[in-house]
S.K.: 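Questions regarding the structure given below will be posed in turn.
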Amino acid sequence: MKKFNCFLPALSHGFQSPGKLSLSTISSPDCSLMPPVPLSAEPIPSSDTIDLEGFKSRVCHSISKQHWTALKREIGDLGYHKLLEFLFQWNVDEELLLRFFKWSEKENGSPHNLEFCCRLLHLLSNAKKYDKIRSLLHSMVNRENDSSCSVIFHALTVSSDRPKFNPVIADMLVSAYAKNSRIDMAVEAFKRSGDYGIRLSVLSCNSLLNELVKSNDIKTLELVYKETIRRRIPLNHVSFNTVIHGVCKAGKLRKAVDLAADMESWGCSPNVITYNTLIDGHCKMGKIGKMYKAESLLKEMVTNRISPTQVTFNILIDGYCKDGNSLAALRVFDEMKKKGFSPNAITYNSLINGLSKEGKIEEALDLNTQMQGCNVQPTIVTYNELIYGFCRVGKMIEAKNVLDEVIEKGLAPSLVTYNSLIDGYCKLGKMEEALELQAKMSQRGLCCDVSTYNSLIAGFCRAGNTKGASRLLDEMGENNIQADVITYNILIGELCRRGESRKALKLLDEMSELGVDPKHVTYNILMDGFCEEGNLRVALSLRERMERGGRKANVATYNVLIKGLCRKGKMEEANRLLNELLEKGLVPNHVTYDLVRDEMIEKGFMPDIEGHLYDVVQ
DNA sequence: TTAGGGTTAG
């Protein structure tokens with residue numbers, strides 16, 4: 001077993017046995033049973049009249065009956081720490097000890113030292129009181145100044161009377177950290193368990209894997225997964241499905257599919273959750289032809305005799321809606337009903353959202369009526385989507401009426417409810433109404449988030465009200481709300497529009513300093529700003545900077561640069577970029593076509609390209 | 001212990 005020679009501050013006191021206490025002590029009549037008792041402590045009697053058995057009995061009785069006032073009288077000046085030492089030495093029942101342990105921590109206002117925690121954990125594990133261990137570890141891992149894992153593992157080792165402590169404690173420690181979202185510590189406990197040769201259960205590994213997925217730490221997820229395989233921990237469906245989910249979230253779809261195939265060799269065939277996860281991964285993270293791939297996964301699961309469920313259909317419906325294809329979503333919706341699955345609130349919400357995004361508010365309202373007719377109650381999400389739908393088409397009165405309906409029905413409007421409405425007003429330049437709603441949401445106890453501020457700042461920028469935008473930026477700072485990439489995109493865009501691209505570039509540097517990751521659009525807006533100013537050199541250098549940061553130029557990047565080059569009359573270079581776009585397998589969009597038509601052809605330049613783009617131009 | 005729904009920029 002690996003031993004650690006590190007400094008152990010938490011163990012630097014209190015490891016001495018009661019017999020070695022620095023406080024003046026007297027010996028009890030029977031040293032093996034009785035603790036040493038301080039001479040001066042009241043109400044412990046003096047040595048000649050002492051009744052230690054009586055003291056022990058009164059103390060234990062008070063704890064078991066929870067007579068805390070009486071117990072306090074018994075303890076006197078002895079102190080909780082000393083009494084705890086005696087309780088350990090008296091070999092009292094572990095539940096009694098735990099009860100005093102918890103009460104005295106509360107009374108003291110500070111936790112007991114790590115040695116006591118570990119000794120108690122050993123007692124509880126010997127008695128197989130696993131729920132109690134779980135609860136004790138839960139409070140241990142939620143402490144502000146808790147010890148590092150190496151200190152805890154060392155303490156567990158030295159406080160145990162056996163060569164190896166019960167591995168269940170380490171297993172539950174990993175789980176406790178994971179379930180309390182202390183991911184770094186959970187990973188550390190996972191590693192230490194390996195160092196100590198402790199075989200963890202699949203349950204605690206799954207907790208850890210799941211928390212890593214939730215926190216989007218896919219790199220660590222993959223490391224932990226590989227390690228579980230190396231340690232031959234018998235992973236189950238939940239483990240594989242969780243890892244596949246994480247890998248999908250990171251956009252590594254091919255890897256996710258490979259993992260699903262690898263499951264077989266571990267005795268786990270992909271199940272309905274595996275397929276649903278893969279389909280959802282493709283819907284959310286796939287690129288061109290993603291819905292085709294999602295459908296082919298559906299076919300594959302049916303071929304493998306795994307029946308799709310309501311969730312499978314919901315995933316597909318939402319996928320088509322997010323892809324801007326509500327028609328296909330409605331086709332799946334019909335298919336789902338034909339196969340005997342009842343749509344639920346999630347089904348309807350996905351469809352209502354998809355229709356709203358496409359500006360089809362009337363159809364969205366019809367579906368809302370339909371869902372209520374089918375006894376599916378609309379949720380706050382449904383109402384938020386209807387509000388969003390009305391806002392999309394500028395129908396603010398109707399949107400506001402939905403909010404009133406929500407309140408009338410006794411439902412609680414959410415942050416998203418207000419954010420959607422505020423954004424609706426901002427987009428129409430109705431800043432007073434937007435600010436009024438911001439005040440109303442605060443009155444309801446809802447705090448603005450970064451989205452609220454982004455909508456408002458963008459609104460003020462559109463209205464040319466720099467002061468208003470600046471005031472909100474200050475308010476964000478005062479409320480400790482961190483600007484995100486969208487905030488920066490808005491500000492960079494505004495500076496570029498004002499012809500202040502240099503200042504905008506400084507914001508890009510600020511983002512890097514603050515750890516806010518710029519996206520494609522951030523660079524594209526900036527490049528556009530420099531192109532508009534005729535500074536192609538900086539625009540092209542930004543493309544290089546973007547690619548160095550791991551983001552390859554997308555169609556929008558090419559469009560911005562081609563436009564800039566055309567404006568400068570650099571038609572040969574523009575044409576070269578156009579060809580490069582096609583060579584890279586990128587699909588030109590309507591902006592590209594417009595550019596070709598308006599900028600290139602009008603300037604008497606016939607693009608020298610092959611394929612469909614040329615055909616379209618013709 | 002694993003899978004599905006809502007707002008902000010362009």
Side-chain angles (χ1 to χ4, degrees), chain A residues 175 178-179 201-211 213-214 235-246 248-249 268 271-281 283-284 308-319 321-322 343-354 356-357 378-389 391-392 413-424 426-427 448-459 461-462 484-494 496 519-526 528 554 556 559-560 591:
Chain A
S175 241
K179 286 180 178 164
S201 73
V202 66
L203 233 68
S204 63
C205 289
N206 287 351
S207 292
L208 174 57
L209 293 169
N210 192 34
E211 286 305 315
V213 174
K214 277 196 203 156
L235 299 182
N236 60 17
H237 276 101
V238 177
S239 333
F240 285 105
N241 291 344
T242 307
V243 177
I244 289 170
H245 185 202
C248 281
K249 270 177 96 177
C268 296
N271 62 11
V272 65
I273 297 182
T274 319
Y275 275 103
N276 286 349
T277 308
L278 284 173
I279 294 172
D280 189 55
C283 287
K284 290 201 171 85
T309 61
Q310 186 192 49
V311 176
T312 320
F313 287 104
N314 284 351
I315 289 168
L316 277 169
I317 288 170
D318 192 62
C321 285
K322 296 264 161 56
N344 62 5
I346 296 177
T347 325
Y348 284 105
N349 288 348
S350 286
L351 283 165
I352 291 172
N353 187 245
S356 295
K357 275 203 162 79
T379 65
I380 186 65
V381 177
T382 322
Y383 290 110
N384 289 347
E385 287 165 347
L386 290 174
I387 288 174
Y388 169 73
C391 290
R392 283 279 295 198
S414 67
L415 182 58
V416 179
T417 320
Y418 282 99
N419 282 352
S420 299
L421 269 166
I422 288 172
D423 190 63
C426 288
K427 289 222 166 82
C448 297
D449 69 353
V450 67
S451 298
T452 326
Y453 283 107
N454 286 345
S455 291
L456 289 166
I457 292 167
C461 287
R462 277 187 219 105
D484 67 1
V485 62
I486 298 179
T487 324
Y488 278 101
N489 290 349
I490 295 164
L491 298 174
I492 288 172
E494 177 59 15
C496 288
K519 292 197 172 180
H520 269 110
V521 65
T522 319
Y523 288 103
N524 293 346
I525 298 169
L526 253 176
D528 196 38
N554 63 11
N559 290 347
V560 166
V591 181

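Below, read A as the first sequence line, B as the second, and so on, with proteins coming before strands; counting in each chain starts at 1. We use all heavy atoms of the structure for the numbers below, so side chains are in, but hydrogens, waters and symmetry mates are not.
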S.K.: Would you please name every residue forming a side chain to side chain contact (heavy atoms under 4.5 Å, CB included) with A:R392, sequence neighbours left out?
M.R.: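 For A:R392 the side chain to side chain contact (heavy atoms under 4.5 Å, CB included) partners, ignoring immediate neighbours, are A:Y388.
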
S.K.: Which nucleotide in the list B:dT8, B:dG5, B:dA3 gets nearest to the side chain of A:V381?
M.R.: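 Looking only at side-chain atoms, A:V381 lies closest to B:dG5.
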
S.K.: Using only heavy-atom distances, decide whether a donor-acceptor pair under 3.5 angstrom links the side-chain of A:T379 to the base of B:dG5.
M.R.: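 Indeed there is one.
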
S.K.: In chain order, what residues pass the side chain to side chain contact (heavy atoms under 4.5 Å, CB included) check against A:N206, with sequence neighbours excluded?
M.R.: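 Once residues adjacent in sequence are excluded, the partners of A:N206 under the side chain to side chain contact (heavy atoms under 4.5 Å, CB included) criterion are A:V202, A:L209, A:N236, A:V238, A:S239.
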
S.K.: Hey, can you pull the residues of residues 415-424 of chain A with a non-hydrogen atom under 4.0 angstrom from DNA chain B?
M.R.: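 Per residue number, the list reads A:V416, A:N419, A:S420, A:D423.
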
S.K.: Closest approach to the side chain of A:I486, judged atom by atom: which nucleotide of B:dT8, B:dT2, B:dT7 is it?
M.R.: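 For A:I486, the side-chain atoms sit closest to B:dT8.
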
S.K.: A:T309: which residues meet the side chain to side chain donor-acceptor pair (under 3.5 Å) condition with it, sequence neighbours left out?
M.R.: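 Partners of A:T309 by the side chain to side chain donor-acceptor pair (under 3.5 Å) criterion, ordered by chain and then number, come out as A:T312.
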
S.K.: Quick one: side chain to side chain contact (heavy atoms under 4.5 Å, CB included) partners of A:N210, sequence neighbours excluded?
M.R.: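 With sequence neighbours excluded, A:N210 shows a side chain to side chain contact (heavy atoms under 4.5 Å, CB included) to A:K214, A:T242, given in chain and number order.
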
S.K.: Taking the minimum atom-to-atom distance to the side chain of A:V521, which one of B:dT1, B:dG10, B:dA3 wins?
M.R.: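 So the nucleotide nearest the side chain must be B:dG10.
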
S.K.: Can you check whether A:C283's main-chain N or O pairs, donor with acceptor, with A:K322's side chain at less than 3.5 Å?
M.R.: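 Pair absent, no side-chain N/O of A:K322 close to backbone of A:C283.
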
S.K.: With the side chain of A:S350 defined as its heavy atoms from C-beta on, choose the nearest nucleotide among B:dG5, B:dA3, B:dG10.
M.R.: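 The closest nucleotide is B:dG5.
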
S.K.: Please list, chain by chain and in numerical order, all residues satisfying side chain to side chain contact (heavy atoms under 4.5 Å, CB included) with A:S201, sequence neighbours excluded.
M.R.: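 Residues passing side chain to side chain contact (heavy atoms under 4.5 Å, CB included) with A:S201: A:D171, A:L203, A:S204.
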
